[in-house]
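Have a look at the structure below before the remarks.
Each residue takes its place number in the sequence, starting with 1. Computed from a prediction, not measured in an experiment: that's the story for all the values here.
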Amino acid sequence: MDPEAFAVVGLRTMGGLEELFEAYGIRYLTASRIAEMGFTANTLLDMKEEELDDMMNSLSHIFRWDLLVGERYGIKAAIRAERRRLLEANDRRHHLRSTDHPLLDALSHQGLSEEQVVQHAEKDQVGRAGSADTAGTTWGVQQQRKKQRHRHRITARKGAAAEEEEEEDEMRRQREHPFIVTEPGEVARGKKNGLDYLFHLYDQCRDFLLQVQSLAKERGEKCPTKVTNQVFRYAKKAGASYINKPKMRHYVHCYALHCLDEHASNALRKSFKERGENVGAWRQACYHPLVTIAGRRAGWDIDAIFNAHPRLCIWYVPTKLRQLCHAHRHSAASAASSASTSTSAPNSHHLDLPY
């Protein structure tokens with residue numbers, strides 16, 4: 001195959017990633033590994049910030065790829081820059097299509113049709129943008145249509161529907177919550193609440209879920225089996241505005257440790273209280289005991305552990321906890337395979353020795 005044809009095949013298999021990352025210090029091997037995971041430039045452009053973090057964490061932990069710190073920032077910077085470029089290109093294209101544009105008027109006086117003007121503008125944009133246009137033009141059009149549909153929906157919504165939209169936007173915003181590390185049975189002082197109060201909120205969520213399920217059965221509607229946005233909205237309408245999605249999802253793995261091994265959870269709380277650690281450090285420390293429990297009980301299948309527990313089965317498994325369990329399972333499998341290889345090698349060597 002001639003070199004030019006080989007280059008074209010390589011670009012197709014990369015899905016536009018090489019052009020997307022070219023000016024941002026992303027190694028070719030890193031881009032090819034992302035392509036091997038099934039991602040293309042269009043896919044990355046349409047992903048949310050947390051989805052990009054999940055993709056990079058999977059690349060590092062599950063696929064054991066040494067992703068540099070600069071590459072993490074470079075991937076996000078490249079995607080942001082490409083999104084801006086595509087939106088600007090779309091704005092220019094729509095601007096040129098309008099009949100009141102001065103350029104269109106000038107060229108129409110010279111005998112050119114509107115279609116020729118648009119074609120002329122698009123050719124000029126392609127010449128400036130280069131090959132990266134092929135990776136993301138579709139994304140830009142989709143984003144423009146999404147914005148238009150969103151504006152129509154906002155205009156049409158009134159009353160309760162608009163309130164639900166605002167509430168969901170509010171729940172998406174993460175913030176620091178007013179908790180301090182306390183020992184079991186200790187009452188928190190001042191404005192911040194203790195961890196016993198935090199765990200009590202999860203029990204309250206379970207009660208609200210039961211009420212939502214009961215109402216759904218009475219109305220003949222579909223019953224939620226887990227704590228979803230519907231449950232959080234019901235809690236807010238019932239006056240429990242202190243229960244919201246970001247808070248409960250943020251500490252659900254801490255509650256899982258409390259349910260699965262209350263003794264270990266109490267010991268961890270006591271240790272962090274004595275050292276004067278804040279609630280953020282305690283939250284991070286709750287991951288390791290959970291991974292150990294998952295490896296000891298279910299071969300790192302944390303989903304099976306959640307589903308089998310009566311108080312945890314109504315909660316979704318946190319993404320970071322699942323990724324940590326997958327990484328430990330992969331490391332254990334690699335260690336076992338290397339150990340079996342090392343033990344079988346001396347035996348085969350011994351059989352080859354002459355007697």
Side-chain angles (χ1 to χ4, degrees), residues 10-11 13-88 130-132 135-136 139 143 172-177 246 249-254 272 275 277-292 294-295 300 302 317-335 338:
L11 290 177
T13 56
M14 290 286 288
L17 294 176
E18 188 175 14
E19 295 88 349
L20 180 65
F21 296 148
E22 184 177 7
Y24 291 89
I26 312 300
R27 294 171 295 173
Y28 179 83
L29 290 176
T30 301
S32 63
R33 185 57 63 93
I34 294 174
E36 289 173 8
M37 293 169 63
F39 293 98
T40 64
N42 283 333
T43 308
L44 296 181
L45 288 171
D46 210 25
M47 290 167 64
K48 299 177 182 177
E49 194 79 10
E50 55 267 22
E51 291 173 338
L52 291 173
D53 291 332
D54 291 342
M55 182 273 293
M56 289 187 283
N57 290 334
S58 300
L59 185 63
S60 299
H61 298 303
I62 300 177
F63 294 92
R64 313 302 293 174
W65 182 252
D66 186 16
L67 189 62
L68 304 178
V69 176
E71 288 181 315
R72 286 181 176 269
Y73 288 99
I75 289 171
K76 292 185 177 182
I79 291 171
R80 284 195 296 268
E82 183 66 9
R83 285 172 178 169
R84 285 195 301 270
R85 190 190 67 77
L86 291 173
L87 289 175
E88 290 172 1
S131 59
W139 179 89
Q143 290 298 109
R172 291 191 195 103
R173 295 193 293 268
Q174 294 286 344
R175 61 183 179 84
E176 185 63 28
H177 300 294
R249 293 282 174 86
H250 199 58
Y251 297 99
V252 68
H253 67 285
C254 306
F272 273 71
R275 296 204 302 265
E277 298 280 359
N278 60 27
V279 73
W282 166 78
R283 177 184 172 274
Q284 292 296 327
C286 288
Y287 281 111
H288 179 69
L290 275 177
V291 174
T292 304
W300 289 284
I302 191 64
V317 178
T319 301
K320 181 177 180 180
L321 178 59
R322 185 182 288 112
Q323 289 173 346
L324 290 173
C325 290
H326 282 322
H328 277 74
R329 179 191 297 166
H330 181 76
S331 300
S334 301
S338 61

Next item on the list: For W282, check side chain to side chain donor-acceptor pair (under 3.5 Å) against everything at least two apart and list the hits.
Entry: none
Next item on the list: Might you work through the side-chain contact (heavy atoms from CB on, under 4.5 Å) test for R85 and R80, ending with a clear yes or no?
Entry: CA-CA 9 Å; R85 190 190 67 77; R80 284 195 296 268; over 6 Å; no
Checklist line | Minimum heavy-atom distance A78-Y24, with the two atoms named | finding: CB-CD1, 3.5 Å
Note to self: Please list all pairs meeting salt bridge (Lys or Arg N to Asp or Glu O under 4.0 Å) that have one or both residues in residues 280-292, counting only residues at least two apart or in different chains.
What the structure shows: none
Next item on the list: Return the set of residues passing side chain to side chain contact (heavy atoms under 4.5 Å, CB included) with P318 (not counting sequence neighbours), or none when no residue passes.
Entry: V252, H253, F306, L321
Note to self: Which heavy atom of W300 sits nearest to which heavy atom of A332, and what is that distance?
What the structure shows: CH2-CB, 3.6 Å
Margin query: Pairing donors with acceptors under 3.5 angstrom, does anything connect the side chains of W65 and T30?
Written below: yes
Next item on the list: Could you tell me which residues satisfy side chain to side chain contact (heavy atoms under 4.5 Å, CB included) with I79, sequence neighbours excluded, listed by chain and number?
Entry: L20, L44, L45, L52, I75, R83
Note to self: Check K48 with E51, please: is the shortest side-chain N to carboxylate O separation under 4.0 Å?
What the structure shows: no
Check: For the residue pair L17 and A41, what are the closest heavy atoms and their distance?
Finding: CD2-N, 3.6 Å
Item checked: Straight-line distance of Q284 CD to N278 CG, nearest 0.5 Å -> 10.0 Å
Next item on the list: Taking ring pair (Phe, Tyr, Trp, His ring centres under 6.0 Å) as the test, write out the residues that go with F39, two or more places apart.
Entry: none
Next item on the list: State which residues pass side chain to side chain donor-acceptor pair (under 3.5 Å) with D54; sequence neighbours excluded, sorted by chain then number.
Entry: none
Next item on the list: List for me each residue that meets salt bridge (charged side-chain N to carboxylate O under 4.0 Å, His left out) alongside E50, sequence neighbours excluded, and say none if there are none.
Entry: none
Check: Quick one: side chain to side chain donor-acceptor pair (under 3.5 Å) partners of E36, sequence neighbours excluded?
Finding: R33
Notebook entry, point to check: Does K76 have any salt bridge (charged side-chain N to carboxylate O under 4.0 Å, His left out) partners at least two apart in sequence or in another chain, and if so, which?
Noted result: E49, D53
Next item on the list: Applying salt bridge (charged side-chain N to carboxylate O under 4.0 Å, His left out), name anything that partners E277, two or more places apart in sequence or on another chain.
Entry: R275
Next item on the list: Hey, could you give me the NE2/SG distance between H61 and C325, rounded to the nearest 0.5 Å?
Entry: 12.5 Å
Checklist line | salt bridge (Lys or Arg N to Asp or Glu O under 4.0 Å) contacts in which one or both residues fall within residues 61-72, not counting sequence neighbours | finding: R27-E71
Note to self: Would F21 and I34 count as a side-chain contact (heavy atoms from CB on, under 4.5 Å) here? Give the steps.
What the structure shows: CA-CA 11 Å; F21 296 148; I34 294 174; 4.2 Å; yes
Item checked: Rounded distance (nearest 0.5 Å) linking atom CD of E82 with atom CZ of R84 -> 10.5 Å
Check: Could you give all pairs that pass the side-chain hydrogen bond (donor to acceptor under 3.5 Å, both in side chains) test and reach residues 323-334, with sequence neighbours left out?
Finding: none
